[in-house]
Amino acid sequence: MGRYIGTYNRSLDAKKRLQLPAKLAEVMPSKFFMLRGFDGCIAVYEESEYEKLLARIEPMLYEGTGGYKFIRKMMSSVRELEVDSHGRVSLGEEAVARYGLGSTVLVLGMIDHFEIWDPEKFEEYSNEEEESYEEAAERAAKRNG
């Protein structure tokens, strides 16, 4: 299991391949699972973390229509990404268009997964967030403890 940390500016090549930052993961797996993230990004999980995610959300299938709709939308976006011998993954034309990615992307480590953002969208997201860093930390601590 990798621990994904850091923020990296990367370029997509003409074939929409992303060179994964070597510092992003201690050990680069041979494949990842890409899916719709929150707030307009792509979320990318290695297989073991993807399996944990599925185990966490599976009970939502039986908790009413909201959970079922969320899972349907999430699962319809899942795609397996093979890591090539140069440490690249192909995002594909469809995903690049769907998430509004240009030739430059921002890769953001999120502990158990990483996100791929259009840099301008991430900047807008960061600027729109009204809550301060400290307020967000307090709210998260109350929820978890």
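Numbers for residues simply follow the sequence, beginning at 1. Computed from a predicted model, the values in this text were never measured in an experiment.
- Pairs of residues two or more places apart, or lying in two chains, that qualify as side-chain hydrogen bond (donor to acceptor under 3.5 Å, both in side chains) and include a residue from residues 86-95 are Asp84-Arg88.
- Contact of the Ile71 side chain with the Met74 side chain is not registered, since no non-hydrogen atoms from C-beta on lie closer than 4.5 Å.
- Met110 and Phe38 sit in two unconnected hydrophobic clusters of ILVMFWY residues. Membership requires side-chain heavy atoms under 4.5 Å apart, directly or through other members.
- Atom-to-atom distance recorded for Glu46:CD and Glu51:CD is 11.5 Å, nearest 0.5 angstrom.
- Atom-to-atom distance recorded for Leu106:CG and Asp118:CG is 9.0 Å, nearest 0.5 angstrom.
- Taking the salt bridge (Lys or Arg N to Asp or Glu O under 4.0 Å) definition, one finds that Glu47 meets it with Lys31, sequence neighbours left out.
- Taking the six-membered ring where the residue is Trp, the centroids of Tyr8 and Phe114 are separated by 6.0 Å or more.
- Smallest separation of non-hydrogen atoms from Pro119 and Thr104: CD-O, 3.2 Å.
- The hydrophobic clustering, which links ILVMFWY residues whose side-chain heavy atoms are closer than 4.5 Å, places Ile57 and Ile111 apart.
- Atom CG in Leu108 sits 11.5 Å away from atom CD1 in Ile5 (nearest 0.5 Å).
- Judged as a ring pair (Phe, Tyr, Trp, His ring centres under 6.0 Å), and not counting sequence neighbours, the contacts of Tyr45 are His113.
- Under the salt bridge (Lys or Arg N to Asp or Glu O under 4.0 Å) criterion, Lys73 pairs with no residue at all, not counting sequence neighbours.
- Taking a 6.0 Å sphere around CD of Glu120, one finds it holds 12 or fewer heavy atoms contributed by other residues, nucleotides or ligands.
- Here the CD atom belonging to Glu115 is positioned 13.5 Å from the OH atom belonging to Tyr4, to the nearest 0.5 angstrom.
- Under the 4.5 Å side-chain contact rule for hydrophobic residues, Leu81 and Leu35 do not share a cluster.
- In this structure Arg17 satisfies the side-chain hydrogen bond (donor to acceptor under 3.5 Å, both in side chains) test together with Asp13, sequence neighbours excluded.
- In terms of the ring pair (Phe, Tyr, Trp, His ring centres under 6.0 Å) criterion, Tyr99 has no residue partners (sequence neighbours excluded).
- By the criterion of side-chain heavy atoms lying less than 4.5 angstrom apart, applied directly or through intervening Ile, Leu, Val, Met, Phe, Trp or Tyr residues, Met28 is grouped together with Ile116 in one hydrophobic cluster.
- Salt bridge status for Lys121 with Glu124: absent, with no side-chain N to carboxylate O gap under 4.0 Å.
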Could you please spell out the steps behind the side-chain contact (heavy atoms from CB on, under 4.5 Å) verdict for Leu101 and Ile42? CA-CA 10 Å; Leu101 300 176; Ile42 297 172; 3.9 Å; yes
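- For Ser103, the side chain to side chain contact (heavy atoms under 4.5 Å, CB included) test picks out no residue, with sequence neighbours left out.
- Every residue two or more places apart in sequence or in another chain was checked for a salt bridge (Lys or Arg N to Asp or Glu O under 4.0 Å) with Arg36, and none qualifies.
- Rounding to the nearest 0.5 Å places CD of Glu49 at 5.0 Å from CG of Asp112.
- Minimum heavy-atom separation, Gly102 to Leu12: O-CD1, 3.4 Å.
- The ring pair (Phe, Tyr, Trp, His ring centres under 6.0 Å) analysis of residues 48-82, with sequence neighbours excluded, yields the pairs Phe33-Tyr50.
- Annotation: side chain of Arg98 is not in contact with side chain of Leu91 (no heavy-atom distance under 4.5 Å).
- From Thr7, atom OG1 reaches atom CH2 of Trp117 across 11.5 Å, with rounding to the nearest 0.5 Å.
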